[in-house]
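Counting starts at 1 for both ligands and their atoms, in listed order. Predicted model only: the values in this text are computed from it and were never measured.
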Amino acid sequence: MDFSFSPQEEAFRQEVREFLGKHNPNNDGDGNVDAEEDIESYVDRLPKLFAWNQALYEKRWVGFSWPKDVGGGGGGLIEQMILKEEVGKARAPMLGLSYMGLAWVGPSIIQYGTEEQKQRFVPPILRAEEQWCTGYSEPGAGSDLASLQCRAERDGDHYVINGQKIWTSLAQWAQWMILLVRTDFSSGAKHKGITCLLVPMDTPGLTVKPIRTMNGESPFAEVFFDNARVPVANRLGEEGQGWDVTKTALAHERSSIAEVTGLTHDLDDLKQLAKECRIEGRPAIESPHIRKRLAHLECTIEAMRLNGLRFLTRQLRGEPVGAETSVNKLLRAEAEVEIGKLACDIEGSYGQLVKGSPDAVERGKWQRHMVSWPAYVIGGGTPNIQKNVIAERILGLPHDV
Ligand SMILES: Cc1cc2nc3c(=O)[nH]c(=O)nc-3n(C[C@H](O)[C@H](O)[C@H](O)COP(=O)(O)OP(=O)(O)OC[C@H]3O[C@@H](n4cnc5c(N)ncnc54)[C@H](O)[C@@H]3O)c2cc1C
């Protein structure tokens, strides 16, 4: 593998650095990496974040590698990697505010959408004018997503939707949902008969009920459909093609979850924390036990980074993003859990103090991280499911063991 960059690529890196020097909203030091922020501080920073999105949009750096005819940058994958690297190093926010729109809804619309759908939905994602949520999971269909029961029946040029979704992240804030429904109950094969719809969240008959988590926040919701009518023109792909659309979207979701920038920052912050906190009268960083755990984390993150380059090489060869992203998704889940535990161990008895306590270290940032573990571990598919994917689709092990 050749790790060196061409002169053009190095010039692009320089251009990105200059841009970040001017436009990074975290330059003034009042912000941190998105994933660590609680909802209140995120809302406070929104005006700055919209200005950031606009500056990126004008450079065509939101949707950097997406086709130009839908408003993307048409850029190459190496430049995209350089852009992400520099944004990560500068601790700037993510490359665009429409999180799910950019990570998997947009790519799915580009691949399966009609020309009209591409022109309608992609530009507002790039300009952060519309947020998306994802309606896959149901009370009886999570890991086994293909058993979903939420149904849509044709009535003229509309689908009439009835049923329930659960764990729908951002449902209370999104304008649109990418929704999986069953349109055919007659087929014996459960993967068949599933259809993907693009649903406005203000559709009459659609009700959102937020769910509160153990960190006190409500990042997701239950969504109920009671004769909600959606135009047939909002179908993504053909009727019954929903499973193919979802496989594409899930591969994109897992590859975005698998990125290492946030982990690298957390590791740097943990090292700093270990220099500042004391265990038995000495800086925690001098404890062999803590050093060993930090070293183990560093190795995991480096392995993930190199795996990421492996995916990139495959993409450069024109091969699709596939099951390999499950490896990093799995490693990330383990690393995120360890980061929360390690930080609280480094803090010693202060590790028990949460946000709101005057003595909480860094306003309880690491405690919030620790109780947010389901987001890292379960969101996007559980570790068991990633192991099944790795076993069957990468290692070629038999299905029934
Ligand atoms: C923070 C967060 C955000 C989420 N956001 C969204 C969202 O935006 N949209 C959405 O649709 N969903 C979302 N989800 C739901 C998530 O995708 C599901 O929770 C997940 O897929 C697991 O499904 P389940 O909860 O039904 O658990 P189950 O599938 O019931 O699993 C229960 C346990 O059984 C194990 N298990 C199940 N099947 C197998 C198997 N075949 N082999 C081995 N072990 C198995 C699982 O690993 C798990 O340990 C979110 C979840 C979280 C925690």
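- Applying the salt bridge (Lys or Arg N to Asp or Glu O under 4.0 Å) test to R127 and every residue at least two apart in sequence or in another chain returns E129.
- Here the side chains of K341 and W373 are not in contact, with every heavy-atom distance at 4.5 Å or above.
- Looking only at distances, a side-chain donor or acceptor of H265 sits under 3.5 Å from a matching main-chain atom of G88.
- For ligand 1, the polar-atom distance check against S143 finds a nitrogen or oxygen pair separated by under 3.5 Å.
- With a 4.0 Å cut-off on non-hydrogen atoms, I385 touches ligand 1 through its side chain and not its backbone.
- Each of the following atoms of ligand 1 lies closer than 4.0 Å to a heavy atom of T382: 22 (C), 46 (C), 47 (O).
- The closest non-hydrogen atom to atom 15 (C) of ligand 1, taken over G379, S147, A221, S137, comes from S137.
- Ligand 1 has no N or O atom lying under 3.5 Å from any N or O atom of T168, backbone or side chain.
- Between Y57 and W52, the ring centre distance reaches or exceeds 6.0 Å.
- Using bins of under 30°, 30° to 60° and over 60° for the plane-to-plane angle, the ring pair F121/W176 lands in the perpendicular bin.
- Using a 4.0 Å cut-off to heavy atoms of A375, the atoms of ligand 1 that qualify are 1 (C).
- Those atoms of ligand 1 with a heavy atom of Y136 less than 4.0 angstrom away are 11 (O).
- Aromatic ring pairs are classed by plane angle as parallel below 30°, tilted from 30° to 60° and perpendicular above 60°; the pair F64 and F12 is tilted.
- Considering backbone and side-chain N/O atoms, N384 comes within less than 3.5 Å of an N/O atom of ligand 1.
- In this model, a donor atom of one side chain and an acceptor atom of the other lie less than 3.5 Å apart for D184 and S186.
- Counting heavy atoms closer than 4.0 Å to ligand 1, residue N388 contributes side-chain atoms (C-beta onward) but none from N, CA, C or O.
- Interface of P374 with ligand 1, defined as ligand atoms under 4.0 Å from a residue heavy atom, comprises 53 (C).
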